[in-house]
2 protein chains.
Amino acid sequence: MVTMRDVAERANVSIATVSFVLNGTKRVAPETRARIEAAIEELDYKRNVVARALASSHTRILALLHPCREAWPNATGNRFVMSAANGARERGYDFVLWPLNDDEQMSHLLAGGLVDGVLLMEVQLRDPRVDRLIASGLPFALIGRTEDEELPYVDMDFATTIDQAVEHLRSFGHRRMALVTLRMKDPAGNEPGWITRVKSAYLDAMAALGEPATVITVEGSSAGGREAARLLSEDFPEATAVILVNERASAGLIKGSRALGRTVPDDLSVISAATSAELGEMIEPSLTVMAAPAGQLGRLGVNALIDQLEGAQDAPPHVLIPCTLVPGQSVGPAPIRQ
Amino acid sequence: MVTMRDVAERANVSIATVSFVLNGTKRVAPETRARIEAAIEELDYKRNVVARALASSHTRILALLHPCREAWPNATGNRFVMSAANGARERGYDFVLWPLNDDEQMSHLLAGGLVDGVLLMEVQLRDPRVDRLIASGLPFALIGRTEDEELPYVDMDFATTIDQAVEHLRSFGHRRMALVTLRMKDPAGNEPGWITRVKSAYLDAMAALGEPATVITVEGSSAGGREAARLLSEDFPEATAVILVNERASAGLIKGSRALGRTVPDDLSVISAATSAELGEMIEPSLTVMAAPAGQLGRLGVNALIDQLEGAQDAPPHVLIPCTLVPGQSVGPAPIRQ
DNA sequence: CTGAAAGCGCTTACAG
DNA sequence: CTGAAAGCGCTTACAG
């Protein structure tokens, strides 16, 4: 293994000077620098990240924590991760995904000194992981919000997204619209904050319109989607439109409705929010979608984290970004009925 | 920050003894051990992973490298990752996903001393990353095979999978079957090894049956699937069945065929191999699928890697696992025609 | 502009 | 069974 000492010897300098060149932390005479750079080149020296981390107490590694059990989110999640990784890299940080099963593993990671900062996804309103993060003293940024909105976060703007979905459906003449979302609780019985926000945005919108509201929650799967179709026809048969915020149930909802004799969009319009254009494309008829701003969230999240690490004195960022409407063929004029 | 020294002082021992207890590397008297464990508990001491890594030159971290650009694989890839992560954990290793953009980043990782071993996905027949891995001296295991089949790998058994798909279609009376697979090259013009293997397994099977063969390669997207439907009707209109090995084109192929007036499965049977039951469920009609053995591959891959790290003297593992048939509604009797 | 030296928090022969 | 001490490969005041 080539070490800094080897480089120093070859360039006839001390290891301190090599370090200065490598990190740009101090002026070094041009000729000296050239000699050192040549030695580095010739020896193909790479600095030992572990030793550097121990000496400097920084690793320049950022981790995205995510639950190991959960299905990995698909096109949206992927885009999020990639843009976060690229954003990190552009600012000179490594970025890793760290699947975690339990609290024990999380403590291990937080205390181990291996990462400089953490990005947390799928944050819940009262999230014990956030408490742990705070306790650990490690810098972090949240993708999603807790109850305590003082903490730094970037998040989808669910209120605006739902309002726009409602507006879009209204422009097609729909008045009775149901919300279909995800049934999901952690062991402690908490649901992700975004589900809570989606529900209340929907209820607010319906209240403002003076229309009746029905919220259907099903699991995130094809079967869940079919169940939603059934519940919809039982509990809210007057609905002519559905706002769907449950990506994995999308296909099942369409299939299930068809099986119950309601075709999309003739009998029922569907708009799938917080998802991706790719998903819309996969389904027949192509879904009208509100595409999640995954790329932006990834970049903003990682930048917020790095700003913090590098001691930007700004207030912690609170960023909300709405989804973008991508029209498909699943929304049509409201059917006339009595 | 609580260090080993704090623990040692509180327990009235040397830091060496604390280390022995922590690592179980040496006998320690029961009373001493108890004192130390109590101190660890009371101080909530966690060992500094970075310092340990520098001193021992092991981090007990394994990395799964994957290209940062690529779409993240979906249910199959997810299952693979999760089982690898859990497998690693069970043997006392951390497991991270490391998105990489380029060779520079790879060298940085390999030389940095941060990971003990590496799992490489989407291996190509001639894969420069593998050369780099070998040069780095880091232990690794491949998910997929290079040309040089001496290297340790675990992989899907494409030959068996294709044979079983063919057999399944034959049992429905099909004789003319096309292969639709993925068009994908890296910058150097190499295609992933699995694509090459799928093609030759298909060609071999058709040759053995004395049936004509047509291979259609399209990009992995809805549009690609529709293009495949078009190419199929132009280039091989006699085909009554398609073996599809291009997960993301599945939906488009069905949609595109329907648009061209061929319904599935009445006019055309489709079997989607190396994918997941979840995907099959999403599509209308539900796809008959050959589900990838993602969970097994993840576990076996990580175990092969750890065996190597821990110096098992066995020959490097060469494991092949076929997909599993999950019948859906996209395969039906071959239509009678002339 | 450069270097000698302490120190980051551990592990591990070695000695007793 | 336990400890004193060297050493892992860097960074970083401090001195010159």
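Lettering of chains follows the sequences in order, A, B, ..., and the numbering in each one begins at 1. Quick caveat: nothing in here was measured; it's all calculated off a predicted structure.
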*Asks:* Can you tell me how far P of D:dC10 sits from CG of A:N23, to the nearest Å?
*Replies:* 11 Å
*Asks:* Report the distance from atom CZ of B:R60 to atom P of C:dC10, rounded to the nearest whole Å.
*Replies:* 17 Å
*Asks:* Taking DNA chain C as the partner, which of residues 42-55 of chain A come within under 4.0 angstrom of it by heavy atom?
*Replies:* A:L54, A:A55
*Asks:* When you look for runs of 3 or more Watson-Crick or G-U pairs in a row, both distances below 3.5 Å, which of them include DNA chain C?
*Replies:* C:1-3 with D:14-16, C:5-12 with D:5-12, C:14-16 with D:1-3
*Asks:* Taking side chain to side chain contact (heavy atoms under 4.5 Å, CB included) as the test, write out the residues that go with B:N303, two or more places apart.
*Replies:* B:R91
*Asks:* Tell me if a side-chain donor or acceptor on B:N86 pairs with a main-chain N or O of B:S83 at a distance below 3.5 Å.
*Replies:* no
*Asks:* In whole angstroms, how far is the C1' atom of D:dA4 from the CG atom of B:N12?
*Replies:* 16 Å
*Asks:* The side chain of B:S56 lies closest to which of these nucleotides: C:dT11, D:dA4, D:dT11?
*Replies:* C:dT11
*Asks:* Listed by chain and number, what are the ring-ring contact (aromatic ring centres under 6.0 Å, His included) partners of A:H108, not counting sequence neighbours?
*Replies:* none
*Asks:* What pairs of nitrogen or oxygen atoms, one from the protein and one from nucleotides 13-15 of chain D, lie under 3.5 Å apart?
*Replies:*
from, atom 1, to, atom 2, distance (Å)
D:dC14, N4, A:K26, NZ, 2.8

*Asks:* Rounded to whole angstroms, how far apart are CZ on B:R5 and P on C:dG9?
*Replies:* 10 Å
*Asks:* Just the rounded figure in Å: distance from P of D:dC10 to CG of A:L22.
*Replies:* 8 Å
*Asks:* Figure out the CD1/P separation between B:I15 and C:dT12, and round it to whole Å.
*Replies:* 13 Å
*Asks:* Side chains of B:R126 and B:T146: do they bring a donor and an acceptor to under 3.5 Å?
*Replies:* no
*Asks:* Please list, chain by chain and in numerical order, all residues satisfying side-chain hydrogen bond (donor to acceptor under 3.5 Å, both in side chains) with A:E9, sequence neighbours excluded.
*Replies:* none
*Asks:* What pairs with B:F80 under ring-ring contact (aromatic ring centres under 6.0 Å, His included), at least two apart in sequence or on another chain?
*Replies:* none
*Asks:* Suppose we screen for ring-ring contact (aromatic ring centres under 6.0 Å, His included). Which residues come up paired with B:Y153, at least two apart in sequence or across chains?
*Replies:* B:H318
*Asks:* Write down the distance between CE (B:M4) and C1' (C:dC8), rounded to a whole number of angstrom.
*Replies:* 14 Å
*Asks:* Taking side-chain hydrogen bond (donor to acceptor under 3.5 Å, both in side chains) as the definition, give me every residue that meets it alongside B:S136, ordered by chain and number, with sequence neighbours left out.
*Replies:* none
*Asks:* Nearest-Å distance, CZ (A:R27) to C1' (C:dT2)?
*Replies:* 14 Å
*Asks:* One thing to verify: whether A:E122 and A:R129 come together as a salt bridge, which I'm taking to mean a side-chain N less than 4.0 angstrom from a carboxylate O.
*Replies:* no
*Asks:* Enumerate the residue pairs fulfilling side chain to side chain donor-acceptor pair (under 3.5 Å) with a member in residues 37-64 of chain A, sequence neighbours excluded, ordered by first and then second residue.
*Replies:* A:R10-A:E42, A:N23-A:R47, A:N23-A:R52, A:T59-A:D116
*Asks:* Are any non-hydrogen side-chain atoms of A:M156 and A:I321 less than 4.5 angstrom apart?
*Replies:* no
*Asks:* Within this structure, what is the CG-CD1 distance for the pair B:L125 and B:I195, rounded to the nearest 0.5 Å?
*Replies:* 10.0 Å
*Asks:* Does anything in residues 33-41 of chain B reach DNA chain C, meaning a heavy atom under 4.0 Å, and if so which residues?
*Replies:* none
*Asks:* Output yes when at least one side-chain N/O atom of B:T17 is less than 4.0 Å from OP1 or OP2 of D:dG3, else no.
*Replies:* yes
*Asks:* Taking 4.0 Å as the cut-off, does a side-chain nitrogen or oxygen of B:S19 come that near to OP1 or OP2 on C:dT11?
*Replies:* yes
*Asks:* Cut-off 3.5 Å, no hydrogens considered: what does the side-chain donor-acceptor table look like for residues 24-33 of chain B, sequence neighbours left out?
*Replies:*
none

*Asks:* Does a donor on one side chain and an acceptor on the other come within less than 3.5 Å for B:T196 and B:E191?
*Replies:* yes
